[in-house]
**Student:** 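Take a look at this one; I'll ask things after.
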Amino acid sequence: MNINVDAAAMRRINRSTVLQLLRDNRTTSRIDIAQITGLNKATVSYIVDELIKEQLVEEIGYGSSSGGRKPVLIKFNANAAYAIGIDIQISQMTTIVTNARGDIIYKRNRRIRFHEEETTYKAHMLDVIQSEVDTATLSVPKSPYGITGIGIALPGIVNFKTGYVHYLPNVQIANWDFLYDIQKKISIPVYIDNDANCGAWCEFSRRNNRLKNLIHLHVGIGIGAGLILDGQIYRGKDGLAGEFGHMTISAMGLECACGNYGCFEEYASERSLVRYIRESGGEKPMIADDSTLIDHLLYEAQHDNRVYIRAFHTLGQYLGIGIANIVNGLNPDQVTIGGAISRAATFILPEVERVLHHRAILANKAIDLTIATNDAAAIGASLLVIDRTLFAMPTDADITT
Ligand SMILES: [Zn+2]
């Protein structure tokens, strides 16, 4: 494979590499950057000087020397810019503001009223986003770059390049020019992505790019996966990569909303818990509000309700089967679990690990499996904005193969 990168793209890639390194390390020096990145000293000095002019980097004094001149220490100015991250689920949304490092400085949860009528629901969702953005904007301190953009994580199949929503399965919305509609109401640039991709980007960024391959599972009403492969979000030919919620884990299994039978998410998502409880002879949980389903189920399990504990265990076993399939196929460095189900980790994780030990092969048995950061999707949405704007990260267009 020949990779052709033009000179302007190369400069952008080098700048982005240096900026990432500075963001990931509290303090460093020009000489350290040159050593770590392999860029020559003159290039590093030029880039750092530019970044200082752009107020993205500051000199903060001298470090120690093992002989010769003491190096000037530099650090990333995390408060040079901010972004708004929004995670939209069916009946609620979380809005955060982060600085350029992804540290949360503001957070608010808000209900979205689900409405059967599509036009009404869409209009309501757009109104709520506008009002939440207006409120969040008030919390942003003065800074050189202000709010660089708004990242919105959506639970479905979306085109991150065009802002087009192909399908939001749980609300049955298809073919929506979301970006066009939202930018009529909000003047700040908006970027959208799938919620599992956003969660994966948060988890990957939080590890300071120390690993290359990470799978993030968003387990809520459905199951989606965000794949970081070789340090990049892997999207596949049509942007459909990561739909592991619809891999078959039971050949003669239950019918799924996608039309297939025996899909993973019928056995390991939030909605399967209610079925397990009923199958064990328990009453169907009566919940007035969808967003509190997991809290209610967890409360019962924590108070030793055996039916509920068994339901969590069953879910954990199926989750383990699905994760074993995924890690056997991709052999990642790490798997993270986010979404509502992650709150029940104490009941679920031991079962997942037990099943993984049986079903995963070789080193995959001991895969590093952790619960994701709270609000991973919202943080990831915000960081994706920062990376695309402030960091001007190289895009597919920069590299032709
Ligand atoms: Zn399915």
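Numbering of ligands and ligand atoms starts at 1, following listing order. For reference, positions follow the sequence shown, starting with 1.
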**Student:** Which residues satisfy the side-chain contact (heavy atoms from CB on, under 4.5 Å) test with Pro350, sequence neighbours excluded?
**Tutor:** none
**Student:** Please confirm whether the ring centroid of Phe264 lies under 6.0 Å from the ring centroid of Tyr318.
**Tutor:** no
**Student:** With sequence neighbours left out, write down each residue that passes salt bridge (Lys or Arg N to Asp or Glu O under 4.0 Å) with Lys41, or none if nothing qualifies.
**Tutor:** none
**Student:** Once the angle between the rings of Trp201 and Phe204 is folded into 0 to 90°, is it parallel (under 30°), tilted (30 to 60°) or perpendicular (over 60°)?
**Tutor:** tilted
**Student:** Which protein atoms of type N, O or S are found under 2.8 Å from the Zn ion (ligand 1)?
**Tutor:** His246 ND1, Cys256 SG, Cys258 SG, Cys263 SG
**Student:** Can you sort out the partners of Glu353 under salt bridge (Lys or Arg N to Asp or Glu O under 4.0 Å), two or more places apart, ordered by chain and number?
**Tutor:** none
**Student:** Describe, in one word, how the ring planes of His296 and Tyr308 are oriented to each other, choosing from parallel (under 30°), tilted (30 to 60°) and perpendicular (over 60°).
**Tutor:** perpendicular
